[in-house]
Amino acid sequence: MERLRHDDPSHVGPYVILARLDTESAERTVPERRYLGRTADGEHTVLVCVPRVGADPSRWAIEAEGARRLSVPRFLRIAEVGGTAGFPWYAAPYTPALPLPAALAAYGGPLPEDTVRRLGAALAEALTAAHAQGVTHAGLSPAAVQVTPGGPVLTCFGAVRAAAPDGVRRSGLPGLDPGCLALEQASGGRPRPLGDVFALGAVLAYASTGHTVPEQSELPPGLRTLVGSCLSSDPAVRPQSAQEVLGELVSRGAGPAPSEGPYAQAGTVLDHGAVPLPGRVVAALATQSAALLSAELPSAQQPFVTAQKVH
């Protein structure tokens, strides 16, 4: 949760904007501008997202509407899509959430391997459900993973498709983490499930090391083979489904979480186990929630003005 800047909107649709979700340093790899807002009567607090400056608003809006229509476990539940053709937005009910980079910052570095495995298993489970419906996420990255008390939630649906149409090279485009782009997607290929598998490997690498393209030696020994295969430039060498990744992640039993001390962990139940959150991450979630819920609405309210530049 970050202070607003001079180029941020004061309103988006019916929502008064209170804070930014992402830090300035993280913006380079976030495919949309994300804010925390509230209705003028103070009754509803929401996550509000708008396109990056310079993005194609029509493609972004198509992906936002597509996400609203989805019903996939652990995909962000979008409640409302609005705005104009030039300036669309979407909103989702607020729940305390940290983008994965912020969760690592709160923890003080890479997450424990047990946490990474369970986090990855929850994401693989979500991708398995999406792929079974014929849906490719095409936007998975550390910034797209929101760590919540109930486990991870996937956002930024369709970011790769929104950034550029098929056939147009996407490598180097603002808002896309190059370490999460499979070669076939970076070169303009149509996003497919094995591209999601590549991006999932990059997220596992990031959670384990703080980098989406780490050296093999940086990875925990128990994840080196899996992450390395996910990140193969050859789709045929990768695990051939998210379900295969899920099976590999849960094949090793996870030990019990510490119940006290600085590494105390809070778990939430999944079909295949708990997603342990280190105590410092839980504390950061609580701090965000308290700060946001106590934030006062601005006394002077100005209409939404489109930002011309994001620093």
Side-chain angles (χ1 to χ4, degrees), residues 9 11-22 30-41 43-53 55-100 122-123 125-141 143-148 150-166 175-176 180 185 190-193 195-196 199-200 242 292 304 306:
H11 280 63
V12 173
Y15 303 107
V16 180
I17 300 303
L18 301 174
R20 302 174 67 93
L21 181 65
D22 298 291
V30 181
E32 52 198 12
R33 291 179 288 163
R34 305 190 290 197
Y35 299 101
L36 301 173
R38 185 172 295 147
T39 52
D41 60 9
E43 291 295 317
H44 301 286
T45 303
V46 295
L47 170 69
V48 183
C49 300
V50 301
R52 288 177 62 98
V53 173
D56 185 319
S58 61
R59 284 202 303 271
W60 188 92
I62 288 170
E63 297 300 334
E65 178 58 24
R68 186 187 69 82
R69 295 172 181 269
L70 289 176
S71 179
V72 177
R74 298 200 175 280
F75 276 36
L76 180 69
R77 304 280 182 163
I78 294 177
E80 186 179 6
V81 176
T84 65
F87 305 104
W89 54 265
Y90 71 76
Y94 169 72
T95 188
L98 297 175
L100 185 57
L123 296 174
E125 187 177 51
L127 292 175
T128 297
H131 296 167
Q133 297 181 28
V135 173
T136 302
H137 183 276
L140 179 56
S141 70
V145 177
Q146 300 288 305
V147 179
T148 80
V153 172
L154 268 174
T155 67
C156 303
F157 177 78
V160 172
R161 290 184 293 262
D166 295 346
L176 297 183
C180 297
Q185 291 186 359
R190 179 182 178 184
R192 297 184 184 278
D196 282 350
L200 178 56
L292 180 62
F304 174 44
T306 307

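Residue numbers count from 1 along this sequence. This is a predicted model, so every value here is computed, not measured.
Residues Ile62 and Arg161 form no side-chain contact, since every pair of their non-hydrogen atoms from C-beta on lies 4.5 Å or further apart. Looking only at side-chain heavy atoms (C-beta outward), Leu47 and Gln146 stay at 4.5 Å or farther from each other. Residues Thr136 and Arg190 form no side-chain contact, since every pair of their non-hydrogen atoms from C-beta on lies 4.5 Å or further apart. Side-chain atoms of Leu127 and Leu140, non-hydrogen and from C-beta on, do get closer than 4.5 Å to each other. Looking only at side-chain heavy atoms (C-beta outward), Trp89 and Val81 stay at 4.5 Å or farther from each other. Residues Leu76 and Phe157 form no side-chain contact, since every pair of their non-hydrogen atoms from C-beta on lies 4.5 Å or further apart. Counting heavy atoms from C-beta on, the side chains of Phe75 and His137 come closer than 4.5 Å. With contacts defined as side-chain heavy-atom distances shorter than 4.5 Å, the pair Arg33/Val53 qualifies.
Nearest heavy-atom pair, Pro88 versus Pro51, reported as atom, atom and distance to 0.1 Å: O-CD, 3.3 Å. Minimum heavy-atom separation, Ala91 to Tyr15: CB-CE1, 3.8 Å. In terms of heavy-atom proximity, Ile78 sits nearest to Ala64 at CD1-O, 3.9 Å. Taking every heavy atom of both residues into account, Pro152 and Leu123 meet most closely at CB-CD2, 3.8 Å. The heavy-atom pair separating Pro73 from Ala126 by the smallest distance is O-CB, 3.2 Å. Closest approach of Ala129 to Val72, counting heavy atoms only: CB-CG1, 4.2 Å.
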* Evaluate side chain to side chain contact (heavy atoms under 4.5 Å, CB included) for Leu154 paired with Arg74, printing each intermediate quantity in order. => CA-CA 6 Å; Leu154 268 174; Arg74 298 200 175 280; 5.7 Å; no
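Atom CD1 in Ile17 sits 7.5 Å away from atom OH in Tyr35 (nearest 0.5 Å). Between atom CG of residue Leu70 and atom CZ of residue Arg77 there is a gap of 9.5 Å, rounded to the nearest 0.5 Å. A distance of 10.5 Å separates CZ in Arg34 from CZ in Arg20, rounded to the nearest 0.5 Å. To the nearest 0.5 angstrom, Thr155 atom OG1 is 6.0 Å from Glu32 atom CD. Atom CG of residue Asp166 and atom CD of residue Gln185 lie 9.5 Å apart, to the nearest 0.5 angstrom. Atom SG of residue Cys180 and atom CG of residue Asp196 lie 11.0 Å apart, to the nearest 0.5 angstrom.
Between the Thr45 side chain and the Tyr94 main chain, no donor and acceptor come within less than 3.5 Å of each other. Without hydrogens or angle criteria, Thr148 side chain to Gly150 main chain gives a donor-acceptor distance under 3.5 Å.
Ionic pairing of Arg59 and Glu63 is not present here: no N-O contact between side-chain nitrogen and carboxylate oxygen is shorter than 4.0 angstrom.
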